[in-house]
A.B. asks: 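Input: one structure, supplied below.
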Amino acid sequence: MNKNYIILTALMIVLAGGLLIVPERQKYQQIDPDELLWEIIQPTRYVSTDKVAQLIIEGDPSLELVDVRPAADYEKFSLPKSINIPLDSLLQESYQDYLGIDGMKVLFFSNDDIKADQAWVLAKRLGYDNIYVMKGGLNCWIRTVIQPKKPSTDSPSTEFALYDFRKGAQMYFTGAKTETSGKSSNKKAVKIQRKKKKTAASGGC
Amino acid sequence: MKKHKIKNYPHYINPYFGGLLLGILIIITVYITGRGLGASGAVKSAVVTSVDVVSSSHAEESAFYSKFISDDHSPMYNWLVFESFGIFIGGLLSGAIFGRIKKFRVEHSPKITSKTRLIGAAVGGILFGFGSQFGRGCTSGAALSGTATFSFGGMIVMFGIFGTGYAVAYFFRKLWI
Amino acid sequence: MGPLIPNGILTGNWDFVIALLLGIAFGFVLEASGFSSSRNLAGVFYGYNFVVLRVFFTAVIVAMVGLLYFDYFGWLEMDKIFILPTYLTPMITGSVIMGFGFIIGGFCPGTSYTAIAIGKLDALVFTGGLFLGIFLFSEAFPLFQDFYYSGDMGSPTITDMLGISAQWIAFAFVVIALAAFWITWVIEKRVRKNITPYKF
């Protein structure tokens with residue numbers, strides 16, 4: 001009887017010790033390549049600058065703008081109410097809280113599409129949904145919203161309607177000069193939503 | 001051990017084997033449900049249900065009861081209630097197999113009366129019920145399952161219960177030895 | 001893979017059947033190990049019966065090591081399982097109260113259910129006490145609502161708090177538990193010499 005216990009004691013120690021020896025397992029959820037490809041070719045993951053302008057003006061509370069450019073660029077100019085997650089620090093844990101909030105749409109943007117697209121793929125591989133990319137990036141934003149071109153006189157009326165909207169948006173985003181200067185302080189005051197720690201059903205014991 | 005074998009010693013399984021089974025059961029439970037076992041939650045559901053039946057408005061106004069009341073279903077329609085009912089059936093099964101089910105009786109140390117034991121049980125039950133709400137669970141939910149799933153709070157509760165038990169055991173020794 | 005229900009592999013309707021089956025297994029193990037006797041349970045505090053310590057700690061170390069292996073082999077996502085939240089001060093207070101309840105009442109909730117099943121009236125009274133205790137708590141809840149929610153630390157694991165990896169924690173628990181098994185075996189042998197055997 002005693003001998004059995006000695007064997008069991010040794011077995012338990014070996015089993016527990018085994019955990020210490022085995023190499024650390026890599027733990028991230030791999031999205032299936034097929035699935036990732038399918039997601040990438042969906043045009044719906046792109047949002048046009050006009051649509052973004054409209055959402056900002058309407059003050060859509062579920063929109064979260066994420067600037068993935070370096071912090072220095074973000075300081076100089078960015079979209080109102082955006083937060084800055086430089087691409088190279090996307091994987092840092094402190095930034096993860098901004099992604100994957102229930103009911104929030106995350107919109108990545110950079111100067112062009114490329115970095116935002118990379119951030120999108122990374123976030124997808126991290127397992128986040130409801131993520132989008134601003135088509136054309138800030139360059140396109142400047143071209144269309146900040147400095148809209150007047151369409152030629154023979155353009156269809158939809159072009160003019162769009163132009164009118166862009167003019168209005170231009171007024172909104174640049175219009176009053178005082179607002180522009182107030183933008184940076186406005187940015188700081190943005191109430192940023194962070195993800196609450198996941199908890200399963202409560203009422204325990 | 002053989003030398004100390006007591007007559008009438010009931011047939012219990014080897015405690016380490018019991019522990020092994022219980023450990024495997026916790027793994028299975030966590031594997032299936034993503035959470036551990038529990039027991040006191042069922043009594044809480046019973047309390048909430050009773051209060052809700054007796055005075056529904058009182059239950060809805062209370063900051064505590066209202067947490068557990070929903071319009072969809074009764075608070076008794078709860079995982080832990082079914083599980084605790086299972087505990088009872090499991091005890092019945094084991095008791096039947098090992099021949100421990102007998103007529104109603106009070107088990108107590110020969111030095112105290114049944115009455116003392118019952119008073120002790122009632123007081124202990126009240127304290128346990130009270131404490132389990134602050135502790136977010138009892139020995140099975142918080143201490144056992146909590147610690148096994150590496151919860152810091154679970155470990156606190158485990159050390160708290162057993163530490164207190166040892167610290168005050170001396171003062172209550174008359175109840176047991 | 002697992003956990004099956006949170007990952008949607010096993011859906012809704014089976015919940016309560018599974019709960020019942022797991023409960024039955026739990027109750028069976030508790031009763032079969034002798035947890036349906038308050039004198040067995042209290043023995044751990046007086047050195048004449050360490051069955052609680054043996055079953056409890058064997059279960060904890062088996063579950064800890066087992067869960068880590070499940071995690072290692074990718075069968076179970078440890079970050080998806082429920083981690084009991086920590087409210088430091090209320091939990092310490094609560095566990096101290098429960099410690100008193102344990103030594104005075106001789107049961108804990110789960111074991112009292114199994115003891116009722118085999119006909120122990122003291123367990124029935126204990127469960128009545130539990131009901132009353134929770135009822136009193138609920139009625140008096142506004143008095144200590146602030147305290148109840150104080151010391152909220154989220155749901156930290158032991159690793160989060162102590163900075164030691166889960167593997168080392170499991171290993172430490174195993175070593176401590178095994179040492180305790182051997183020590184208590186010696187203690188029990190000595191104490192039992194001087195104790196009158198008890199009937200069940």
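Worth saying up front: this structure is predicted, and the values here are computed from it rather than measured. Numbers restart at 1 for each chain; the letters A, B, ... are given by sequence-line order, proteins then strands.
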A.B. asks: Would you find a donor on one side and an acceptor on the other, under 3.5 Å apart, between the side chain of C/Thr114 and the backbone of B/Gly91?
C.D. replies: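 Checked: no pair found.
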
A.B. asks: B/Tyr16 vs C/Phe181 aromatic rings, parallel, tilted or perpendicular, using cut-offs 30° and 60°?
C.D. replies: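 Judged by the thresholds at 30° and 60°, the geometry between B/Tyr16 and C/Phe181 is perpendicular.
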
A.B. asks: Which bit of B/Ser109 is near chain C, if near means a heavy-atom gap under 4.5 Å: side chain, backbone, both or neither?
C.D. replies: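 Both parts, heavy atoms under 4.5 Å.
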
A.B. asks: Can you label the angle between the B/Phe134 ring and the C/Tyr148 ring as parallel, tilted or perpendicular, going by 30° and 60°?
C.D. replies: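 Plane angle between 30° and 60°, so tilted.
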
A.B. asks: For a ring pair (Phe, Tyr, Trp, His ring centres under 6.0 Å) with C/Phe45, tell me which candidate from B/Tyr170, B/Phe171, B/Tyr166, B/Trp176 qualifies.
C.D. replies: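 Result: among B/Tyr170, B/Phe171, B/Tyr166, B/Trp176, B/Tyr166 is the only option passing the ring pair (Phe, Tyr, Trp, His ring centres under 6.0 Å) with C/Phe45.
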
A.B. asks: Looking only at atom types and distance, does a side-chain atom of B/Tyr12 sit under 3.5 Å from a main-chain N or O of C/Val51, one as donor and one as acceptor?
C.D. replies: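 Side chain of B/Tyr12 to backbone of C/Val51: no pair is present.
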
A.B. asks: Side chain, backbone, both or neither: which part of B/Val51 has a heavy atom under 4.5 Å from chain C?
C.D. replies: side chain

A.B. asks: Please give me the minimum heavy-atom distance between B/Phe152 and C/Leu88, naming the atom from each residue.
C.D. replies: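 In terms of heavy atoms, the two residues are closest at CE2-CD1, 4.2 Å.
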
A.B. asks: Would you name the heavy atoms of B/Phe128 and C/Cys108 that are closest together and state the gap between them?
C.D. replies: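 Minimum heavy-atom contact is CZ-CB, 3.5 Å.
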
A.B. asks: Which heavy atom of B/Phe98 sits nearest to which heavy atom of C/Phe28, and what is that distance?
C.D. replies: CE1-CZ, 4.3 Å

A.B. asks: Write down the atom of C/Leu20, the atom of B/Phe85, and the distance for their closest heavy-atom approach.
C.D. replies: CD1-CD2, 3.7 Å

A.B. asks: Which heavy atom of C/Ser138 sits nearest to which heavy atom of B/Ser62, and what is that distance?
C.D. replies: O-OG, 4.5 Å

A.B. asks: Please look at B/Phe88 and chain C and tell me whether the side chain, the backbone, both or neither of the residue comes under 4.5 angstrom of a heavy atom of that chain.
C.D. replies: both

A.B. asks: For ring pair (Phe, Tyr, Trp, His ring centres under 6.0 Å), just list the numbers for C/Phe56 and B/Phe162, CA-CA rounded to whole Å, side-chain angles, deciding distance to a tenth of an Å, and then say yes or no.
C.D. replies: CA-CA 11 Å; C/Phe56 190 96; B/Phe162 286 107; 5.3 Å; yes

A.B. asks: Between the main-chain N or O of C/Asp122 and the side-chain N or O of B/Arg105, is there a donor-acceptor pair closer than 3.5 Å?
C.D. replies: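 Absent.
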
A.B. asks: Can you label the angle between the C/Phe144 ring and the B/Phe130 ring as parallel, tilted or perpendicular, going by 30° and 60°?
C.D. replies: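 Correct class here is perpendicular.
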
A.B. asks: B/Tyr31 and side chain to side chain contact (heavy atoms under 4.5 Å, CB included): which partner among C/Leu4, C/Leu67, C/Ile81?
C.D. replies: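 Looking at C/Leu4, C/Leu67, C/Ile81, the match for B/Tyr31 under the side chain to side chain contact (heavy atoms under 4.5 Å, CB included) is C/Leu4.
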
A.B. asks: Between B/Thr164 and C/Gly99, which heavy-atom pair has the shortest distance, and what is it?
C.D. replies: CB-CA, 3.9 Å

A.B. asks: As an exercise, state the distance from CD1 of B/Ile26 to CG of C/Leu22, rounded to the nearest 0.5 Å.
C.D. replies: 11.5 Å

A.B. asks: Indicate yes or no for a side-chain donor-acceptor contact from B/Ser94 to the backbone of C/Ala32 under 3.5 Å, with no hydrogens or angles considered.
C.D. replies: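 Such a contact is found between B/Ser94 side chain and C/Ala32 backbone.
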
A.B. asks: Considering only heavy atoms, which portion of B/His58 lies under 4.5 Å from any heavy atom of chain C: side chain, backbone, both, or neither?
C.D. replies: side chain

A.B. asks: Where on B/Leu175 is there a heavy atom nearer than 4.5 Å to chain C: the side chain, the backbone, both, or neither?
C.D. replies: side chain

A.B. asks: By a 4.5 Å heavy-atom criterion (distance strictly below it), what part of B/Phe150 contacts chain C: side chain, backbone, both, or neither?
C.D. replies: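 Interface part for B/Phe150: both.
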
A.B. asks: Quick one: does any side-chain atom of B/Ser151 pair with a main-chain N or O of C/Leu84 as donor and acceptor, under 3.5 Å?
C.D. replies: yes

A.B. asks: With no hydrogens and no angle check, just 3.5 Å: does a side-chain donor-acceptor pair link C/Ser37 and B/Arg100?
C.D. replies: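 No pair is found: no donor N or O on one side chain lies under 3.5 Å from an acceptor on the other.
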
